[in-house]
Amino acid sequence: PFFIRFPAGTQLSDVQDTKAGARFRFDAPDPATVLAFYTELLAHVQWERVTQTTDGATTTLTFFDSENWKGVLTISDAGSTCVFTAP
């Protein structure tokens with residue numbers, strides 16, 4: 001989606017972008033930086049952070065915008081992925 005913002009130095013892989021949504025993996029920056037960036041961003045933009053869960057190894061942020069786009073950001077030591085789903 002055109003509205004996605006990224007942390008400085010972002011490098012992506014496995015990028016898929018269709019009318020139904022988008023999916024990608026962060027190769028850079030590191031997972032802790034990705035989590036910090038989106039935690040801060042979601043507090044100040046049109047997205048409403050719905051949930052943040054941590055099971056000890058993985059943190060998942062799930063959020064929606066006013067048009068019902070859904071974002072799911074999954075962050076672990078193994079890496080970070082993001083999936084956006086169109087309404």
Side-chain angles (χ1 to χ4, degrees):
F2 69 90
F3 49 75
I4 300 172
R5 296 182 189 172
F6 297 102
T10 291
Q11 295 178 10
L12 303 175
S13 62
D14 297 328
V15 177
Q16 300 172 24
D17 189 9
T18 68
K19 290 181 181 181
R23 169 187 292 274
F24 47 85
R25 183 175 59 217
F26 288 88
D27 292 333
D30 62 274
T33 300
V34 171
L35 178 60
F37 176 83
Y38 285 104
T39 298
E40 178 67 19
L41 178 68
L42 291 172
H44 295 99
V45 295
Q46 76 272 16
W47 294 90
E48 176 184 338
R49 183 170 39 170
V50 176
T51 61
Q52 179 174 343
T53 57
T54 301
D55 70 4
T58 302
T59 299
T60 303
L61 297 172
T62 304
F63 45 95
F64 295 85
D65 76 354
S66 61
E67 296 179 2
N68 289 320
W69 275 88
K70 178 182 180 183
V72 178
L73 180 63
T74 306
I75 300 166
S76 70
D77 288 343
S80 307
T81 61
C82 193
V83 176
F84 287 92
T85 307

Practice item. Please answer: with hydrophobic residues joined when any side-chain heavy atoms are less than 4.5 Å apart, are L41 and F64 in the same cluster? Key: no

**Study point:** Check: I4 and F24 side chains under 4.5 Å, non-hydrogen atoms
**Key:** yes

Check your understanding: Could you state the interatomic distance from OG1 (T85) to CG (N68), rounded to the nearest 0.5 Å?
Key -> 11.5 Å

Check your understanding: For the residue pair S76 and A57, what are the closest heavy atoms and their distance?
Key -> CB-O, 3.4 Å

**Study point:** Distance (rounded to the nearest 0.5 Å) between F84 CZ and T18 OG1
**Key:** 13.0 Å

Review point. Given the rule in the side chain to side chain contact (heavy atoms under 4.5 Å, CB included) test, do T62 and K70 qualify, once you have shown the distances and angles that lead to the verdict?
Key: CA-CA 7 Å; T62 304; K70 178 182 180 183; 3.7 Å; yes

Revision key, fill the gap. Minimal heavy-atom distance between P31 and S80, with the atoms involved, is CA-OG, 3.4 Å

Check your understanding: Does the pair T60 and V72 meet the rule for a side chain to side chain contact (heavy atoms under 4.5 Å, CB included), with working shown?
Key -> CA-CA 7 Å; T60 303; V72 178; 3.8 Å; yes

Check your understanding: If every non-hydrogen atom of P87 is compared with every non-hydrogen atom of E67, which pair is closest and at what distance?
Key -> CG-O, 3.0 Å

Check your understanding: Are V50 and Y38 in one and the same hydrophobic cluster, where Ile, Leu, Val, Met, Phe, Trp and Tyr link if side-chain heavy atoms are under 4.5 Å apart?
Key -> no

Check your understanding: Would you say D14 and Q16 make side-chain contact, with heavy atoms under 4.5 Å?
Key -> no

Review point. Taking a hydrophobic cluster as the set of Ile, Leu, Val, Met, Phe, Trp and Tyr residues connected by side-chain heavy atoms closer than 4.5 Å, whether directly or through intermediates, do L12 and F37 fall within one such cluster?
Key: yes

Practice item. Taking all heavy atoms of T58 and all of D55, pick out the closest pair and write down the distance. Key: N-OD1, 2.8 Å

Point to revise | Contact summary for F63 and L42, nearest pair of heavy atoms | key: CD2-CD1, 3.6 Å

Exercise for review: Would you check if the side chain of T10 reaches a backbone N or O of P7 as a donor-acceptor pair within less than 3.5 Å?
Suggested key: yes

Check your understanding: Do L35 and L61 come close enough that some side-chain heavy atom pair is under 4.5 Å?
Key -> yes

Exercise for review: Evaluate the side chain to side chain contact (heavy atoms under 4.5 Å, CB included) criterion for residues T33 and F26: first the C-alpha distance (whole Å), next the side-chain angles of each, then the deciding distance (0.1 Å), finally the verdict.
Suggested key: CA-CA 11 Å; T33 300; F26 288 88; over 6 Å; no

